[in-house]
2 protein chains.
Amino acid sequence: MSSEQLAAWGQTTAAQVRKDLSHFGSFGKRGLGYQAGELCERLRTLLGIDRSWKVALVGAGRIGLALYEYPAFRSRGYDCVAIFDSDPEKIGTAWGDQSICSLDVFERVMEERDVELVILAIPADAAQEVASRAVEAGVNGILNFAPIRLNVPDEIPVEDVNLVIELEALSFQITQRKKDV
Amino acid sequence: MSSEQLAAWGQTTAAQVRKDLSHFGSFGKRGLGYQAGELCERLRTLLGIDRSWKVALVGAGRIGLALYEYPAFRSRGYDCVAIFDSDPEKIGTAWGDQSICSLDVFERVMEERDVELVILAIPADAAQEVASRAVEAGVNGILNFAPIRLNVPDEIPVEDVNLVIELEALSFQITQRKKDV
DNA sequence: CTTACTTTGTGCAAGTTGTCACAATGATGT
DNA sequence: ACATCATTGTGACAACTTGCACAAAGTAAG
Ligand SMILES: NC(=O)c1ccc[n+]([C@@H]2O[C@H](COP(=O)([O-])OP(=O)(O)OC[C@H]3O[C@@H](n4cnc5c(N)ncnc54)[C@H](O)[C@@H]3O)[C@@H](O)[C@H]2O)c1
Ligand SMILES: NC(=O)c1ccc[n+]([C@@H]2O[C@H](COP(=O)([O-])OP(=O)(O)OC[C@H]3O[C@@H](n4cnc5c(N)ncnc54)[C@H](O)[C@@H]3O)[C@@H](O)[C@H]2O)c1
């Protein structure tokens, strides 16, 4: 695969692809391009995503269910090893092979199962408290679906997912284009 | 609210906030800061997100359900006016006040209900075909959950949501930090 | 009114990112 | 063996972005 092809795929330019890759080393063969499989492998290693991670899901609601049953997580190395919820109706029931735990045992379970990442799929007003407890329990990163800016130490990365903003980005592009014409 | 406060909130610097805003005009009062409500309003207008949009949901599966029942969409001006699915078991049943339509009536319904945005929550191998039909039917933008790069005309914006990549971004930051220490 | 204080808007300098263009390198065919 | 072709890796430069610093403008209080 040539840098030209990679650029088309990634919506950028050939020069950009080559320069970006060159920061990590020299992967291609002149006159021939890059060997896709090998490139992919080496990049996964460089990015640190060539291993699997233990994940806990907090919030067994609608979005939590969709995520839990999403096969792409497991196949890319993200193993859900615990589910938490505060709803007494849900606690004790099971999804697949995971039974839903109470937050009372949060710290113990997090440590026992060596959880590294937490997915927060709970209402905004509960998110900060659980985030703080997760950090306290030694979590390494947080994927947050609640529409709130979490306050955590600088060294703990947080990725926010905000689907409303995605829609607004579309709306913005649409109105912008209409103006240009 | 001062540029200093806005900067803390948005994880940037005060100078950056002021310069960015100054591109659109002069919103603040010296010695006093910005009036938050008014600023918000004026930015929403400038960004073209001060009106409501008609949205169709394609794919009444797990993620589709979570999205459909997510109240933040409606409250920010995104009205779901149609749901489509290909599963005969689902067609004809209703979610709230919307009954699920067959793709047979896709073009007709899209036009009748004046759909402007489409949310694609269907398997990757069906996404391209529906995307093309949606464009043909005059849609203005697509929010795509399927893990595939859609091929649509340049003038139709597409926003991709890929949650695996969000997790991988976390993993990357974590390994990176470990190396620095 | 005047003085002390706060905060904006912006010119300028420093830093970062993207593009161009081309020598170097290897593949391929005669 | 050689000529031709495709494509990389990179230096030089252009374009863009960010941060600094300060005059201008406004508030507040005596
Ligand atoms: N549904 C969506 O499409 C969507 C999209 C983006 C973001 N979000 C956000 O994700 C979060 C969850 O959304 P949802 O639609 O799944 O809501 P939901 O109401 O279906 O589920 C929330 C779950 O969290 C549990 N819960 C409440 N407080 C808790 C606590 N303190 N600890 C543990 N569990 C607790 C509830 O029992 C429930 O099971 C919300 O913050 C929402 O804004 C949802
Ligand atoms: N579940 C998640 O958390 C999640 C997260 C991110 C992305 N995704 C992606 O979103 C898509 C849907 O995921 P899901 O978990 O909701 O799957 P799902 O199997 O629960 O739902 C898919 C739905 O699409 C319908 N469908 C299939 N082919 C169709 C077609 N041609 N036209 C209309 N409807 C059709 C099915 O009948 C089903 O109702 C997939 O591409 C998946 O990769 C899912």
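Quantities reported herein were computed from a predicted structural model and do not represent experimental measurements. The figures that follow rest on heavy atoms only: side chains count, while hydrogens, waters and symmetry mates do not. Throughout, protein chains are lettered first and strands after them, A, B, ... in sequence-line order, and every chain is numbered starting at 1.
Residues B:Leu170 and A:Phe73 fall within the same hydrophobic cluster, defined by Ile, Leu, Val, Met, Phe, Trp and Tyr side chains chained together at heavy-atom separations under 4.5 Å.
Under the 4.5 Å side-chain criterion, counting only non-hydrogen atoms from C-beta, A:Phe145 is in contact with B:Leu163. Contact check for B:Arg44 versus B:Arg76: side-chain heavy atoms found under the 4.5 Å cut-off. A heavy-atom distance below 4.5 Å is found between the side chains of A:Tyr78 and B:Glu168.
Rounded to an integer number of Å, the gap from B:Phe24 CZ to C:dT10 P is 14 Å. Distance CZ (B:Phe27) to P (C:dG9): 9 Å, rounded to an integer number of Å.
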What side-chain donor-acceptor pairs closer than 3.5 Å can you find for residues 57-64 of chain A, not counting sequence neighbours?
unit_1	atom_1	unit_2	atom_2	d
A:Arg62	NH1	B:Glu69	O	3.1
A:Arg62	NH1	B:Glu69	OE1	3.4

Can you give the donor-acceptor pairs under 3.5 Å from side chains of residues 153-160 of chain B to other protein atoms, not counting sequence neighbours?
unit_1	atom_1	unit_2	atom_2	d
B:Glu159	OE2	A:Gln173	NE2	2.9
B:Asp160	OD1	B:Asn144	ND2	2.8

Counting only pairs under 3.5 Å, give me each side-chain donor-acceptor contact of residues 116-132 of chain A, with atom names and distances, residues two or more places apart or in other chains.
unit_1	atom_1	unit_2	atom_2	d
A:Glu116	OE1	A:Lys54	N	3.0
A:Glu116	OE2	A:Arg51	NH2	3.0
A:Gln128	OE1	A:Asn151	N	2.9
A:Gln128	NE2	A:Ser132	OG	3.1
A:Gln128	NE2	A:Asn151	O	3.1
A:Ser132	OG	A:Gln128	O	3.1

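Side-chain atoms of A:Arg133 come within 3.5 Å of backbone atoms of A:Leu103 as a donor-acceptor pair (strictly under, hydrogens ignored). Side-chain N or O atoms of B:Asp79 include none that pairs as donor or acceptor with a backbone N or O of B:Val81 at under 3.5 Å.
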*Could you run down nucleotides 19-24 of chain C 5' to 3' and tag each one B, S or - for protein heavy-atom contact under 4.0 Å?*
BBB--B

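Residues from residues 31-40 of chain B that place a heavy atom under 4.0 Å from any atom of DNA chain C, listed by number: B:Gly31, B:Leu32, B:Gly33, B:Tyr34.
The outermost nucleotides of DNA chain D lying under 4.0 Å from heavy atoms of chain B, listed 5' to 3', are D:dT18 to D:dG26.
The CH2 atom of A:Trp95 sits 4.5 Å away from atom CG of A:Leu65, with the distance rounded to the nearest 0.5 Å.
A close approach under 4.0 Å does not occur between any side-chain nitrogen or oxygen of B:Ser2 and OP1 or OP2 of C:dT7.
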